[in-house]
Amino acid sequence: MASDRYSIFSVLREALRGHTGWKPAWRDADPKAEYDVIIVGGGGHGLATALYLTKVFGVDRIAVLEKGWIGGGNVGRNTTIVRSNYMLPGNIPFYELALQMWEKLEQELNYNAMVSQRGVLNLYHSDGQRDAFARRGNAMRLHGVDAELLDQDAVRKMVPFLDFGNGRFPIRGGLLQRRGGTVRHDAVAWGYARAADRLGVDIVQNCEVKGFRFEGGKIVGVDTTRGPIGARKVGLAVAGSSSRVAAMAGLRLPIESHVLQAFVTESIKPFIDCVVTFGAGHFYISQSDKGGLVFGGDIDGYNTYAQRGNLPVVEDVCEGGMALMPRIGRVRVLRHWGGIMDMSMDGSPIIDRTPIPGLYLNAGWCYGGFKATPASGLCFAHLLARDAPHEAAAPYRLDRFATGHAIDEKGMGPHPNLH
Ligand SMILES: Cc1cc2nc3c(=O)[nH]c(=O)nc-3n(C[C@H](O)[C@H](O)[C@H](O)COP(=O)(O)OP(=O)(O)OC[C@H]3O[C@@H](n4cnc5c(N)ncnc54)[C@H](O)[C@@H]3O)c2cc1C
């Protein structure tokens with residue numbers, strides 16, 4: 001008997017028989033001639049959408065088309081932070097829905113995604129920043145989301161090794177969301193792929209969408225490197241490639257692509273047991289279960305579709321780290337990499353129909369889309385199945401830039417590179 005469901009019993013059974021009974025986590029499906037719904041992009045959002053389309057909305061005949069391999073995009077490149085510590089009414093309910101879904105995800109998928117609610121601590125360095133954090137924390141609490149404003153002593157108890165007395169950026173306290181934390185990123189892709197496959201979704205890898213097929217102005221399918229495939233509806237969930245893929249359908253999106261880099265050090269003994277973010281620059285850090293320090297910073301400033309960064313940002317990120325916790329200065333960086341961010345004009349995502357009948361859009365995640373994955377999948381599936389937005393994602397409209405309903409969490413204005 002093949003081991004289908006993961007449990008302590010299947011692990012023991014397989015241990016006794018040399019691990020010969022495990023089935024592949026998902027089939028490597030060949031594309032069929034036609035589907036009810038095609039999702040372009042096998043990242044976290046595309047796979048979660050496919051799962052909820054069939055599981056929650058009962059849609060059959062679904063394919064996820066991925067140009068590379070499952071987990072090869074941003075879903076496997078991010079720094080794994082999940083949280084719902086937003087301030088604006090458009091964002092808090094959506095990201096809180098996502099966090100609540102993370103809390104049940106492993107049971108739902110029967111997959112160990114290493115969901116770790118170790119706490120996310122945003123540091124503040126001035127009175128003005130403290131007031132802004134207090135305001136955000138109050139907004140969160142009014143929406144039933146946990147938030148605690150900590151003074152310097154409380155932060156010192158949690159993370160005593162920070163440079164509290166830094167001459168330029170003294171640490172005065174922090175805003176803590178205890179329910180925030182980390183989730184193992186590629187396990188999320190694998191868990192969703194496995195669960196969707198079990199329910200009959202075709203996951204087609206090495207299948208790049210190269211164009212769209214129209215009849216009477218409506219989408220009727222896609223052209224791919226594995227031939228044409230028909231579909232009643234097509235959903236785009238291609239993250240950093242959104243503007244390029246939408247352009248193939250004649251659509252110009254309010255999105256710019258930028259690279260974001262991440263870094264992992266050699267393994268060291270347990271050192272940081274929460275996620276810490278620097279409030280005076282762009283630097284965030286946690287420690288993986290293997291012991292490596294995982295950290296990142298700001299996007300590279302220029303537009304690109306290349307998944308590699310450049311040295312000025314490496315320097316900038318390391319400067320942020322040294323200002324915050326100088327004792328990491330002698331740890332060696334083992335790996336670093338880049339992913340392409342679909343930066344929207346207000347820093348918030350888009351989950352909406354497009355002006356082209358049959359074409360739906362999930363994009364604009366900037367560098368915060370990993371934490372959104374479960375809710376994004378659920379809301380996009382709702383839109384695709386019912387042709388109406390899920391209430392948690394209703395503000396994420398494509399036309400909000402024209403109608404003046406921007407959701408500008410950072411208050412940066414229409415400058416994608418600053419969000
Ligand atoms: C370094 C880094 C750190 C980050 N840190 C965080 C974080 O800590 N917390 C957080 O919430 N977010 C973070 N993010 C952002 C987050 O990873 C993304 O917003 C999110 O993963 C995007 O959604 P996705 O998983 O669906 O994207 P992806 O995994 O990129 O999926 C899109 C897929 O579409 C495929 N594709 C593209 N074009 C085509 C085509 N023509 N045909 C078929 N397939 C196509 C791609 O190959 C890709 O696999 C980070 C990102 C990076 C790069």
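For ligands, and for the atoms within them, numbers begin at 1 and follow the listed sequence.
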Requested in this report: Measure the distances from the heavy atoms of K210 to every atom of ligand 1 and state whether one is below 4.0 angstrom.
Outcome: no

Query raised in the report: Counting heavy atoms only, which of L260, L47, I39, T79 comes nearest to atom 8 (O) of ligand 1?
Result: T79

Requested in this report: For a side-chain contact (heavy atoms from CB on, under 4.5 Å) with L251, tell me which candidate from L236, V245, I356, L361 qualifies.
Outcome: I356

Query - Nitrogen or oxygen atoms of G42 and ligand 1 under 3.5 Å apart - result: no

Query - Heavy-atom nearest neighbour of atom 28 (P) of ligand 1 within options D186, V275, N74 - result: N74

**Report entry** Numbered atoms of ligand 1 (with element) below 4.0 Å of V75, judged on heavy atoms
**Finding:** 21 (O), 25 (O), 28 (P), 29 (O)

**Report entry** Option whose closest heavy atom lies nearest to atom 27 (O) of ligand 1, chosen from G72, A239, G377
**Finding:** A239

Requested in this report: Taking the six-membered ring for Trp and the single ring otherwise, decide whether the centroids of H390 and Y52 are under 6.0 Å apart.
Outcome: no

Report task. Examine the side chains of N91 and E409 and answer whether a donor and an acceptor come within less than 3.5 Å of each other. Result -> yes

**Report entry** Ligand-side contact atoms (ligand 1) for residue partner V40, heavy atom cut-off under 4.0 Å
**Finding:** 42 (N), 43 (C)

Requested in this report: Would you kindly say whether R184 and N112 are connected by a side-chain donor-acceptor distance under 3.5 Å?
Outcome: no

Report task. Would you check whether V209 has a nitrogen or oxygen atom less than 3.5 angstrom from a nitrogen or oxygen atom of ligand 1? Result -> yes

Query raised in the report: Do any N/O atoms on Y284 end up under 3.5 angstrom from N/O atoms on ligand 1?
Result: no

Query raised in the report: N/O of W337 under 3.5 Å from N/O of ligand 1, yes or no?
Result: no

Query raised in the report: So, R118 and D273, do they make that salt bridge, N to O below 4.0 Å?
Result: no

Query - salt_bridge(E96, R179) N-O dist < 4.0 Å - result: yes

Requested in this report: Check ligand 1 against W365 and write out every atom of the ligand that is under 4.0 Å from a heavy-atom position of the residue.
Outcome: 19 (O)

Requested in this report: Considering the heavy atoms of K371, write down every atom of ligand 1 situated less than 4.0 Å from one of them.
Outcome: 10 (C), 11 (O)

Query raised in the report: Looking only at protein heavy atoms, which one is nearest to atom 33 (C) of ligand 1, and how far off is it?
Result: E66 OE1, 3.5 Å

Query raised in the report: Taking both backbone and side-chain atoms of E208, is any N or O found less than 3.5 Å from an N or O belonging to ligand 1?
Result: no

Query raised in the report: Are the ring centres of W102 and Y95 closer than 6.0 Å?
Result: no

Report task. Find all atoms of ligand 1 within a distance of less than 4.0 Å from any non-hydrogen atom belonging to T80, and give their numbers and elements. Result -> 8 (O)

Query raised in the report: Is the closest heavy atom of A189 to ligand 1 under 4.0 Å?
Result: no

Query raised in the report: Can you tell me how far OG1 of T182 sits from CG of D289, rounded to the nearest 0.5 angstrom?
Result: 7.0 Å

Report task. Identify the heavy atoms of T373 and A48 that sit nearest to each other, and give their distance. Result -> O-CB, 3.8 Å

Query raised in the report: Do any nitrogen or oxygen atoms of G369 come within less than 3.5 Å of a nitrogen or oxygen of ligand 1?
Result: yes

Requested in this report: Can you pull out the closest protein heavy atom to atom 26 (O) of ligand 1? Residue, atom name and distance to 0.1 Å, please.
Outcome: H45 N, 3.1 Å

Query raised in the report: Do G368 and ligand 1 have an N or O pair less than 3.5 Å apart?
Result: yes

Report task. Starting at CG of L121, measure out to CZ of F278 and round the result to the nearest 0.5 Å. Result -> 13.0 Å

Query raised in the report: Would D197 and R27 count as a salt bridge (charged side-chain N to carboxylate O under 4.0 Å, His left out) if you check the C-alpha gap in whole Å, the side-chain angles of each, and the deciding distance to 0.1 Å?
Result: CA-CA 7 Å; D197 173 82; R27 291 165 298 131; 2.8 Å; yes

Query raised in the report: Within the structure, does G339 bring an N/O atom to less than 3.5 angstrom of an N/O atom in ligand 1?
Result: no

Report task. Considering only non-hydrogen protein atoms, determine which one is nearest to atom 44 (N) of ligand 1 and report residue, atom name and distance to 0.1 Å. Result -> K67 N, 3.1 Å

Query raised in the report: Counting only N and O atoms by type, is there a donor-acceptor contact under 3.5 Å from the side chain of R77 to the main-chain atoms of I340?
Result: no

**Report entry** Derivation of the salt bridge (charged side-chain N to carboxylate O under 4.0 Å, His left out) call for R61 and D202
**Finding:** CA-CA 8 Å; R61 304 200 320 141; D202 278 356; over 6 Å; no

Requested in this report: Apply salt bridge (charged side-chain N to carboxylate O under 4.0 Å, His left out) to D387 and R232, showing your working.
Outcome: CA-CA 13 Å; D387 264 306; R232 288 197 307 112; over 6 Å; no

Report task. Starting from atom 16 (C) of ligand 1, locate the nearest protein heavy atom and write down its residue, its atom name and how far away it is, to 0.1 Å. Result -> F370 N, 3.4 Å

Report task. Examine R244 relative to Y305 and say whether NZ or CZ is less than 6.0 Å from the centre of the six-membered ring and inside a 45° cone about the ring axis. Result -> yes

Report task. Run the numbers for me: atoms of ligand 1, each under 4.0 Å from some heavy atom of V245, listed by number. Result -> 38 (N), 41 (N)

Query - Q287 side chain to I268 backbone, donor-acceptor under 3.5 Å - result: yes

**Report entry** Enumerated ligand 1 atoms positioned under 4.0 Å from heavy atoms of N78
**Finding:** 2 (C), 3 (C), 4 (C), 5 (N), 6 (C), 13 (C), 14 (N), 17 (O), 50 (C), 51 (C), 52 (C)

Query raised in the report: Given that the side chain starts at C-beta and the backbone is N, CA, C, O, which of these parts of T373 lies under 4.0 Å from ligand 1, counting heavy atoms, or is it both or neither?
Result: neither

Requested in this report: Would you kindly specify which portion of Q261 sits under 4.0 Å from ligand 1, judged on non-hydrogen atoms: side chain, backbone, both or neither?
Outcome: backbone

Report task. State whether the shortest distance between N or O atoms of G338 and N or O atoms of ligand 1 falls below 3.5 angstrom. Result -> no

Requested in this report: Name the closest protein heavy atom to atom 36 (N) of ligand 1, giving the residue it belongs to and the distance to 0.1 Å.
Outcome: V238 CG1, 3.8 Å

Query raised in the report: Is there a nitrogen or oxygen of R77 sitting under 3.5 Å from a nitrogen or oxygen of ligand 1?
Result: no

Requested in this report: Would you please test R400 and D346 for salt bridge (charged side-chain N to carboxylate O under 4.0 Å, His left out) and show each step?
Outcome: CA-CA 10 Å; R400 67 176 184 268; D346 60 359; 2.7 Å; yes

**Report entry** Numbered atoms of ligand 1 (with element) below 4.0 Å of C207, judged on heavy atoms
**Finding:** 43 (C)

Query raised in the report: Can a non-hydrogen atom of A237 be found less than 4.0 Å from any atom of ligand 1?
Result: yes

Query raised in the report: Of all the non-hydrogen atoms in the protein, which one sits nearest to atom 31 (O) of ligand 1, and at what distance?
Result: G43 CA, 3.2 Å

Requested in this report: Taking the side chain as every heavy atom from C-beta outward, state whether F283 and V317 have any pair of such atoms under 4.5 Å apart.
Outcome: yes

Requested in this report: Could you check atom 25 (O) of ligand 1 against the protein and tell me its nearest heavy-atom contact, residue, atom and distance included?
Outcome: G44 N, 3.0 Å

